[in-house]
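Before any comments, here is the structure.
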Amino acid sequence: MSLTPVLDKIDSDISAATDRLLELLRIPSISTDPAYKADCETAADWLVADLNSIGIKAEKRTTPGHPMVVGHVGEGNTEGPHLLFYGHYDVQPVDPLDLWNTPPFEPQMEETKNGTVIRGRGASDDKGQLMTFVEACRAWQAVHGTLPCRITFFFEGEEELGSPSLIPFLEAAKEELSADIALICDTSMVARGVPSVASQLRGMMKDEFTLIGPKIDLHSGHYGGPGLNPLREISHIIASFHDPETGAVAVDGFYEGVREVPADILRQWQGCGFDEKDYLSNAGYTVAHGEKKYSTLEQQWARPTLEINGLWGGYQGAGTKTVIPSEAHCKITCRLVGDMDPAALRKKIRAHVEARLPKDCTVKWDLDLDGAPAYVIDTTRPEFEAARGALTEEWNREAVFSGMGGSIPVAGYFKSILGMDAMLIGFANEDDAIHSPNEKYDLESFHKGIRSWARVLDALSKA
């Protein structure tokens, strides 16, 4: 099957494709708010109808929460690979609403200094990205009456609330959803115009602890001096987590399981067009503050972290209250890389804290927090180089195997439950304001994203 007429069809149909995306964006499928439960159902129904309209047998599957959408096409095709494509149709809440320049669920086309953008909640995360793949399949079907390989479509409606139904659903539908490789379009390009295939995702370990000192809040005049202050003690412990000279985490055994980045991947990162100054200045920084002997990109993608996410205790109302608080609280998260074990790391951090407790101070740990290991992708598989070549050809710029600072748990679940690797290709830009007011998706990302998936499907069918 020839690729050229498919690309021509995508170009001629881009206006209609954009209209379809705008229609989907008008559905306020906020999964975290029960008030929008019916809208999540509507979004799932919309996707089922759209897939069915292009010859894909799709249906809505109920879960204890929001529904999944599952579709199949080419089940009799034994020539090429069997692909599973994943995306999510739920979106983040829109608060604070007063910071939006346009209504979040009345999507607009807008001209900016970087070209035309599609403005609205879910435009980038993840409806616009999801529809790049659907539109590529629509073009293949329109031109050839079939797709170049067998594909299973899997759209989730709970990604933005932590995917509580995902693991049970994957386990129950393991036979139906298992494929040769999974495709995920929920990531960004490393820099504008630089196509990227994620090669590693950082994992996560969460914990929370409370230091307990006096039995009750005490008068700071009566006990100031002899009294142990949990806020002071917790500040000492937090300061001990990092070496101020090197920026490294100072917890014994913290770096066990960390891998160094292969030289070929480092070469791609060094030439990928990442603008360190712009990246830092967008957040109000002038320098990077992580491990000093690693580049900013390595700090973001390939090094583990220990972050203080919340710290509180004592009086926090207006004015003053002269007390020594009874308790001080801290929330931490660690981003994991390589073979780091979240359960083992939790024990090391707790041991670090407990070894530094003074007399008359005890610690209480949260027992209900979870963790997930990092996901390192086997990019030596021929499918990955085939996809990288297809992206390079479309964008006229070498595609790179990038890292990711965040976590996409579904990729790990595909590996652990369904036994397959995931290929993460996304076309978002760092300025898309996902999860924030005025979210947008570049029209170029949408258009070239569709063309990119058409090329990737062609390349994978021949790999």
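Because only heavy atoms are used, hydrogens play no part in the values below, and waters and symmetry mates are left out as well, while side chains stay in.
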- Message: Quick check: closest heavy atoms across Asn77 and Pro148, and the distance to 0.1 Å?
- Response: ND2-O, 3.7 Å
- Task: Applying side-chain hydrogen bond (donor to acceptor under 3.5 Å, both in side chains), name anything that partners Ser196, two or more places apart in sequence or on another chain.
- Result: none
- Query: Can a donor-acceptor pair be found between the side chains of Ser402 and Trp301 at a distance below 3.5 Å?
  - Reply: no
- Please round to the nearest 0.5 Å and tell me the distance separating atom CE of Met205 and atom CG of Asp341. 10.5 Å
- Task: Sequence neighbours left out, what pairs pass side-chain hydrogen bond (donor to acceptor under 3.5 Å, both in side chains) with at least one residue falling in residues 417-431?
- Result: Arg192-Asp431, Arg381-Asp421, Lys415-Asp421, Asn429-Asp442, Asp431-Lys440
- Item | All side chain to side chain contact (heavy atoms under 4.5 Å, CB included) counterparts of Arg121, not counting sequence neighbours | Val91, Gln92, Val94, Trp100, Pro104, Phe105, Glu439
- Pairs satisfying salt bridge (charged side-chain N to carboxylate O under 4.0 Å, His left out), at least one member in residues 445-463, at least two apart: Asp11-Arg451, Glu393-Arg455, Glu394-Lys448, Glu394-Arg451, Glu394-Arg455, Asp458-Lys462
- Closest non-hydrogen atom pair between His242 and Gly247, with its separation: CD2-O, 4.1 Å
- Message: Checking His88 against Asp125 for the side chain to side chain donor-acceptor pair (under 3.5 Å) test, could you report, in this order, the C-alpha distance in whole Å, the side-chain angles of both residues, the deciding distance, and whether it holds?
- Response: CA-CA 8 Å; His88 66 89; Asp125 185 22; 3.1 Å; yes
- Which distance, rounded to the nearest 0.5 Å, do you find between the OG of Ser31 and the CG of Asp39? 11.5 Å
- Task: Please test Phe384 against Asp378 for side chain to side chain contact (heavy atoms under 4.5 Å, CB included), starting from the C-alpha separation and ending with a verdict.
- Result: CA-CA 8 Å; Phe384 283 85; Asp378 180 14; 5.7 Å; no
- Query: Just how far is it from atom CD1 of Ile308 to atom CG of Leu306, taken to the nearest 0.5 Å?
  - Reply: 5.5 Å
- Go through the steps to decide whether Asn101 and Arg119 satisfy the test side chain to side chain contact (heavy atoms under 4.5 Å, CB included), and finish with yes or no. CA-CA 10 Å; Asn101 296 327; Arg119 184 83 65 185; over 6 Å; no
- Message: Does Lys277, at its NZ atom, have more than 12 non-hydrogen atoms belonging to other residues, nucleotides or ligands within less than 6.0 Å?
- Response: no
- Query: Between atom OG1 of Thr305 and atom CD of Gln299, what is the distance when rounded to the nearest 0.5 Å?
  - Reply: 10.5 Å
- Item | Identified side chain to side chain contact (heavy atoms under 4.5 Å, CB included) counterpart of Leu51 within the set Val73, Val69, Val70 | Val69
- Check: Ile434 and Ser188 side chains under 4.5 Å, non-hydrogen atoms: no
- Message: Tell me every residue that passes side-chain hydrogen bond (donor to acceptor under 3.5 Å, both in side chains) with His72, counting only those two or more places apart in sequence or in another chain.
- Response: Thr152, Glu176
- Message: Are Pro373 and Leu336 packed together at the side-chain level, in the sense that at least one heavy-atom pair is separated by less than 4.5 angstrom?
- Response: no
- Item | Partner of Tyr36 by side chain to side chain contact (heavy atoms under 4.5 Å, CB included), out of Ile27, Ile30, Asp90 | Ile30
- Query: Does CD in Glu171 sit with more than 12 non-hydrogen atoms of other residues, nucleotides or ligands closer than 6.0 Å?
  - Reply: yes
- Message: Using only atom types and a distance under 3.5 Å, with no angle test, would you say the side chain of Lys127 pairs donor to acceptor with the backbone of Leu24?
- Response: yes
- Starting at CD1 of Ile184, measure out to CG of Leu201 and round the result to the nearest 0.5 Å. 8.0 Å
- Query: Should Ile377 and Leu424 count as side-chain neighbours, where that means a heavy-atom distance under 4.5 Å?
  - Reply: yes
- Item | side chain to side chain donor-acceptor pair (under 3.5 Å) evaluation trace for Thr296 with Glu276 | CA-CA 7 Å; Thr296 299; Glu276 178 185 41; 2.2 Å; yes
- Query: Is the shortest distance from a Lys or Arg side-chain nitrogen in Glu59 or Arg61 to a carboxylate oxygen in the other one below 4.0 Å?
  - Reply: yes
- Item | Flag side-chain contact, heavy atom, 4.5 Å: Val258 against Met340 | yes
- Message: For a 4.5 angstrom cut-off between non-hydrogen side-chain atoms, does Gln270 reach Ser295?
- Response: no
- Report yes if some heavy atom in the side chain of Val337 is under 4.5 Å from a heavy atom in the side chain of Gln200; otherwise report no. no
- Query: Does the side chain of Ile54 reach to within under 4.5 Å of the side chain of Val134, using non-hydrogen atoms?
  - Reply: yes
- Task: Report yes if some heavy atom in the side chain of Arg26 is under 4.5 Å from a heavy atom in the side chain of Pro107; otherwise report no.
- Result: yes
- Shortest non-hydrogen contact between Asp126 and Gly87, atoms and distance: OD2-CA, 3.5 Å
- What pairs of residues pass the salt bridge (charged side-chain N to carboxylate O under 4.0 Å, His left out) test when at least one of them lies in residues 144-169, not counting sequence neighbours? none
- Query: Any salt bridge between Asp252 and Lys348, counting N to O under 4.0 Å?
  - Reply: no
- Task: Give the intermediate values and the outcome of side chain to side chain contact (heavy atoms under 4.5 Å, CB included) for residues Glu291 and Thr246.
- Result: CA-CA 6 Å; Glu291 295 174 88; Thr246 66; over 6 Å; no
- Residue pair Met423, Leu183: steps toward the side chain to side chain contact (heavy atoms under 4.5 Å, CB included) verdict: CA-CA 5 Å; Met423 183 184 296; Leu183 307 175; 3.9 Å; yes
- Item | Any pair counted as side-chain hydrogen bond (donor to acceptor under 3.5 Å, both in side chains), so long as it reaches residues 129-140, sequence neighbours left out | Arg20-Glu135, Asp50-Arg138, Gln129-Tyr441, Thr132-Trp453, Glu135-Arg138
- Item | Those residues that, when tested against Thr4, pass side chain to side chain contact (heavy atoms under 4.5 Å, CB included) (two or more places apart) | Ser2, Asp8
- Message: Nearest 0.5 angstrom please: Asn438 CG to Leu99 CG, how far?
- Response: 7.5 Å
- Query: In chain order, what residues pass the side-chain hydrogen bond (donor to acceptor under 3.5 Å, both in side chains) check against Glu111, with sequence neighbours excluded?
  - Reply: Thr116
- Where do Cys272 and Val194 come nearest, in terms of heavy atoms and distance? O-CG2, 3.2 Å
- Task: Identify the heavy atoms of Leu170 and Leu177 that sit nearest to each other, and give their distance.
- Result: CD2-CD1, 3.7 Å
- Query: Which residue pairs pass the ring-ring contact (aromatic ring centres under 6.0 Å, His included) test when at least one of the two sits in residues 397-424, sequence neighbours left out?
  - Reply: Tyr86-Phe414
- Message: With ring-ring contact (aromatic ring centres under 6.0 Å, His included) as the rule and sequence neighbours excluded, what pairs involving residues 270-297 come up?
- Response: Phe274-Tyr279, Tyr285-His289
- Provide the closest heavy-atom pair for Arg388 versus Ala399 in the form atom of the first, atom of the second, distance. NH1-O, 2.7 Å
- Item | ring-ring contact (aromatic ring centres under 6.0 Å, His included) contacts touching residues 155-174 (sequence neighbours left out) | Phe154-Phe169
